[in-house]
Amino acid sequence: TSFLVFCLYMLMGAFGLMTFGPSVNPDALLNYDANDGLMTVARACISAAVIGSYPVMAFLGRGAIDDTIVQIGERFGKQLERNTEARRVVILLMWHFIAIGIALAT
């Protein structure tokens with residue numbers, strides 16, 4: 001599936017470059033008229049995809065970070081419990097604020 005997504009992105013990028021030439025905007029949706037109804041639907045669909053995928057990525061990332069913390073603790077001879085509520089909250093808060101920081105920095 002990753003290869004399919006890669007191919008679709010490359011195809012869309014190529015068509016965007018052919019349509020707009022060298023003046024193409026890095027945010028492809030900004031190349032189109034803001035009053036176009038079809039583009040409004042496209043923007044809404046992309047927003048829904050981002051909103052829907054963020055919790056899934058945060059859940060998977062939180063689990064990976066938690067497992068890493070437990071494994072590091074075991075290497076130092078500490079027996080840590082997996083998935084404690086306090087650690088989950090701290091990991092998710094860090095994840096959230098780091099994501100916001102990256103978004104604001106780019």
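Heads up: numbering here begins at 1 and tracks the sequence. The structure presented is a predicted model; accordingly, all values stated were derived computationally and were not measured.
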In terms of hydrophobic clustering (I, L, V, M, F, W, Y; side-chain heavy atoms under 4.5 Å; direct or indirect links), are Leu92 and Met57 co-clustered?
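Different hydrophobic clusters.
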Mind checking whether Val24 and Ile46 sit in one hydrophobic cluster, side chains of I, L, V, M, F, W, Y counted as touching below 4.5 Å?
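Linked, Val24 and Ile46 end up in one cluster.
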Rest of the hydrophobic cluster containing Ile102 (Ile/Leu/Val/Met/Phe/Trp/Tyr, side-chain heavy atoms under 4.5 Å)?
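Same cluster as Ile102: Ile98.
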Kindly compute the distance separating [atom1] ([X]) from [atom2] ([Y]), expressed to the nearest 0.5 Å.
| X | Y | atom1 | atom2 | result |
| --- | --- | --- | --- | --- |
| Leu93 | Arg88 | CG | CZ | 12.5 Å |
| Glu81 | Asp66 | CD | CG | 9.5 Å |
| Asn25 | Leu30 | CG | CG | 5.0 Å |
| Leu80 | Arg87 | CG | CZ | 5.5 Å |
| Met10 | Leu8 | CE | CG | 11.5 Å |

Can you name the ring-ring contact (aromatic ring centres under 6.0 Å, His included) partners of Phe59, sequence neighbours left out?
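ring-ring contact (aromatic ring centres under 6.0 Å, His included) list for Phe59, sorted by chain: empty.
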Just to verify, what does Arg62 make a salt bridge (charged side-chain N to carboxylate O under 4.0 Å, His left out) with, not counting sequence neighbours?
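Partners of Arg62 by the salt bridge (charged side-chain N to carboxylate O under 4.0 Å, His left out) criterion come out as none, since no residue qualifies.
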ring-ring contact (aromatic ring centres under 6.0 Å, His included): which pairs involve residues 5-51, sequence neighbours left out?
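Residue pairs passing ring-ring contact (aromatic ring centres under 6.0 Å, His included), neighbours aside: Phe20-Tyr32.
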Taking atom CE of Met18 as the centre, report whether more than 12 heavy atoms of other residues, nucleotides or ligands fall under 6.0 Å from it.
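It does: Met18 CE has more than 12 such atoms within range.
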What pairs with Asn35 under side-chain contact (heavy atoms from CB on, under 4.5 Å), at least two apart in sequence or on another chain?
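Partners of Asn35 under the side-chain contact (heavy atoms from CB on, under 4.5 Å) test: Asp33.
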Using side-chain heavy atoms (C-beta onward) and a distance below 4.5 Å, is Ile91 in contact with Ile69?
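In contact.
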Minimum heavy-atom separation for Val56 to Gly52, with atom names?
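Closest pair (atom of Val56, atom of Gly52, distance): CG2-O, 3.9 Å.
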How would you list, by chain and number, every residue that makes a side-chain hydrogen bond (donor to acceptor under 3.5 Å, both in side chains) with Arg82, sequence neighbours excluded?
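Listed in chain order: Asp67.
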